[in-house]
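One structure below.
Side chains included, hydrogens not; waters and symmetry mates left out as well; all remaining heavy atoms used.
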Amino acid sequence: MALTLDTYRLLGRSGLRVSPLALGTATFGTEWGWGAERDEARKLFDRYTELGGNFFDTASTYTNGSSERLLGEFARTNRDKMVLATKYSTLRQPGDPNSGGTHRKSMRASVEASLRQLDTDYIDLLYVNVWDFRTPVEEIMRGLDDLVRQGKVLYVAISSAPAWQVSRMQAIADLRGWSPLVALETEYSLIERAGERDLIPMAREMGLGVVPFSPLGGGLLTGKYSRDDLNPAGPVAGETAGSRKSLNAALGMVTERTLAIADAVKEVASELGRTPAQVALAWTLHSPGVTAPIIGARTIAQLEDNLGALQVDLTPSQLARLDEVSAIDLGNPHGLLASDHIRAVTSGDMEIETRR
């Protein structure tokens, strides 16, 4: 079924309505050596909102603060119509160990900085960005709840944390009457499906909407790569040195497996008269539990191409082909628990319908 940006979805266990594609704004600003200048970033914002988009993803440290400053400037005239999601926990001041991490001091300072940079009185959605394995979960959840009670934050969420910690945090929030987590931001694409082991089932069970980042697999699903880009020896030299291609190759992301997945995406795209990026995004949009993949565009052409995914209607056979070529081993205990033997010893031969 075709979607539009104003086909709003509820975010997790909340009443907050968000667009089915979120606009990532790490491309707002060029301080990191890439991205969009102010005028181009403004065009991206205007086009997205013109079509009904309302869900924006940023962080206090993206492009050294320019992402939040530009987003705040653009959103100022219609602030209450926008859902601004930002994050804390990444280091804001090198040399100051308390300017990063998930603890209360970092949380408060980062939120105050985000409020100034966004030029707003409140943040719609605040993510705990990167798990630091040090701060007690009670400190994090109580600190987040304090921000909600003060009206500085409306909803809280989490990104890049182990599933068992997230479920523990949600249980603590429920038991103590603190603000629950409503969203999980995690990497998820045809190339990276590890979230299906625990994170995504946990999110569905615990009431968190899944907001995938890197749904195009770092660009590998756009159809720009071939076997010539296989580079087992190390960083790419020559004209591609320093490019996204060289980075992906150096990180070991360009493999026979990922190229086979990209080939399948291109085949489906050819059948539908669509681009590979649109097909890859459409697959993510079809995935159970996913609320809104985050798209990151540097140009209007890239944005328009990504938004075209909303009009892609994959057939059951096409979905099955993409699922098969990208399938992962769920590992123990998931494979065992899904086996016919375990179903037989727990339910006999009875068919039991699950509604979830």
Side-chain angles (χ1 to χ4, degrees), residues 5-6 8 11 16-92 107-130 147 151-159 182-183 185 209 211-215 291-304 306-307:
L5 284 177
D6 56 3
Y8 300 114
L11 184 61
L16 186 64
R17 283 80 162 167
V18 297
S19 294
L21 287 175
L23 182 61
T25 64
T27 57
F28 285 18
T30 58
E31 285 79 0
W32 287 353
W34 49 274
E37 298 281 0
R38 181 193 177 281
D39 290 347
E40 188 69 15
R42 179 78 213 210
K43 292 176 184 177
L44 296 170
F45 177 90
D46 287 346
R47 182 56 177 161
Y48 177 76
T49 55
E50 173 187 298
L51 296 173
N54 74 341
F55 194 15
F56 297 88
D57 183 85
T58 186
S60 60
T61 55
Y62 282 177
T63 53
N64 302 338
S66 283
S67 174
E68 284 191 336
R69 285 190 290 270
L70 290 172
L71 178 58
E73 175 189 340
F74 302 158
R76 190 173 302 137
T77 56
N78 283 301
R79 170 64 185 93
D80 286 342
K81 293 179 65 176
M82 309 303 167
V83 177
L84 306 185
T86 192
K87 312 176 190 73
Y88 90 96
S89 75
T90 51
L91 197 69
R92 291 174 294 104
M107 180 192 303
R108 297 285 302 209
S110 185
V111 165
E112 293 297 337
S114 290
L115 290 171
R116 290 192 299 272
Q117 291 177 165
L118 289 167
D119 191 21
T120 186
D121 296 327
Y122 67 96
I123 293 164
D124 296 282
L125 182 66
L126 177 67
Y127 287 98
V128 181
N129 192 12
V130 181
L147 290 170
K152 294 184 177 182
V153 171
L154 302 186
Y155 297 94
V156 295
I158 193 160
S159 172
V182 302
E185 186 172 309
V211 182
F213 68 84
S214 199
T291 301
I294 299 170
I295 55 175
R298 189 172 49 83
T299 67
I300 284 291
Q302 291 173 346
L303 176 62
E304 295 284 5
N306 285 180
L307 295 180

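- Inspection of the Ser60 and Ser114 side chains reveals no N or O donor paired with an N or O acceptor under 3.5 Å.
- Between Leu118 atom CG and Met82 atom CE the span is 13.0 Å, to the nearest 0.5 Å.
- Looking only at side-chain heavy atoms (C-beta outward), Tyr8 and Phe55 stay at 4.5 Å or farther from each other.
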- Task: Decide side-chain contact (heavy atoms from CB on, under 4.5 Å) for Leu11 and Val83; before the verdict, give the C-alpha distance in whole Å, the side-chain angles of both, and the deciding distance to 0.1 Å.
- Result: CA-CA 11 Å; Leu11 184 61; Val83 177; 5.9 Å; no
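- Side chains of Val182 and Leu125 form a contact here, defined as non-hydrogen atoms less than 4.5 Å apart.
- The distance from the CG atom of Leu23 to the CG atom of Asn54 is 11.0 Å, given to the nearest 0.5 Å.
- Taking each heavy atom of Thr86 and Ala59 in turn, the nearest pair found is OG1-CA, 3.2 Å.
- The two residues Leu303 and Leu44 make their nearest non-hydrogen contact at CD2-O, 3.6 Å.
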- Message: Working note: Phe56 + Phe45, criterion ring-ring contact (aromatic ring centres under 6.0 Å, His included); need CA distance, chi angles, decisive distance, verdict.
- Response: CA-CA 9 Å; Phe56 297 88; Phe45 177 90; 5.1 Å; yes
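- Salt bridge annotation for Arg42-Glu73: absent, with no cationic side-chain nitrogen under 4.0 angstrom from a carboxylate oxygen.
- Considering Val128, Asn129, Ile123, Val130 in turn, Val128 is the only one that fulfils the side-chain contact (heavy atoms from CB on, under 4.5 Å) rule with Tyr88.
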Which pairs of donor and acceptor atoms, one on a side chain in residues 291-300, lie under 3.5 Å apart (sequence neighbours left out)?
| unit_1 | atom_1 | unit_2 | atom_2 | d |
| --- | --- | --- | --- | --- |
| Thr299 | OG1 | Gln302 | N | 3.2 |

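- For the residue pair Arg79 and Thr120, a side-chain donor N or O sits within less than 3.5 Å of a side-chain acceptor on the partner.
- The closest side-chain donor-acceptor pair between Tyr48 and Asn306, if any, does not fall under 3.5 angstrom.
- In this view, Glu185 satisfies the side chain to side chain donor-acceptor pair (under 3.5 Å) rule with no residue, not counting sequence neighbours.
- Residues Ser67 and Ala26 share a closest heavy-atom pair of OG-N, 4.1 Å.
- When only modelled atom types and interatomic distance are considered, Glu68 and Thr58 share no side-chain donor-acceptor pair under 3.5 Å.
- The line from CG of Leu147 to CG of Leu115 is 9.0 Å long, rounded to the nearest 0.5 Å.
- Among all heavy-atom pairs drawn from Tyr155 and Val153, the shortest one is O-CG1, 3.2 Å.
- From Asp39, atom CG reaches atom NZ of Lys43 across 7.0 Å, with rounding to the nearest 0.5 Å.
- No side-chain donor-acceptor contact under 3.5 Å links Asp6 to the backbone of Gly52.
- Contact detail for Gly151 and Tyr122: the closest heavy-atom pair is O-CB, 3.5 Å.
- The distance from the CG atom of Leu307 to the CG atom of Leu21 is 6.5 Å, given to the nearest 0.5 Å.
- Checking Thr90 against Thr61 by side-chain atom types alone, a donor-acceptor pair falls below 3.5 Å.
- Of all non-hydrogen atoms in Asp46 and Thr49, the two that sit nearest each other are O-OG1, 3.1 Å.
- A salt bridge links Lys87 with Asp57: the distance from a Lys NZ or Arg NE/NH1/NH2 to an Asp or Glu carboxylate oxygen falls below 4.0 Å.
- When side chains are defined from C-beta on, Leu126 counts as touching Val111, because their heavy atoms get closer than 4.5 Å.
- Arg47 has its side chain within reach of Glu304: a pair of non-hydrogen atoms, C-beta onward, lies under 4.5 Å apart.
- Taking CG of Asp119 as the start and CZ of Arg69 as the end, the distance is 12.0 Å to the nearest 0.5 Å.
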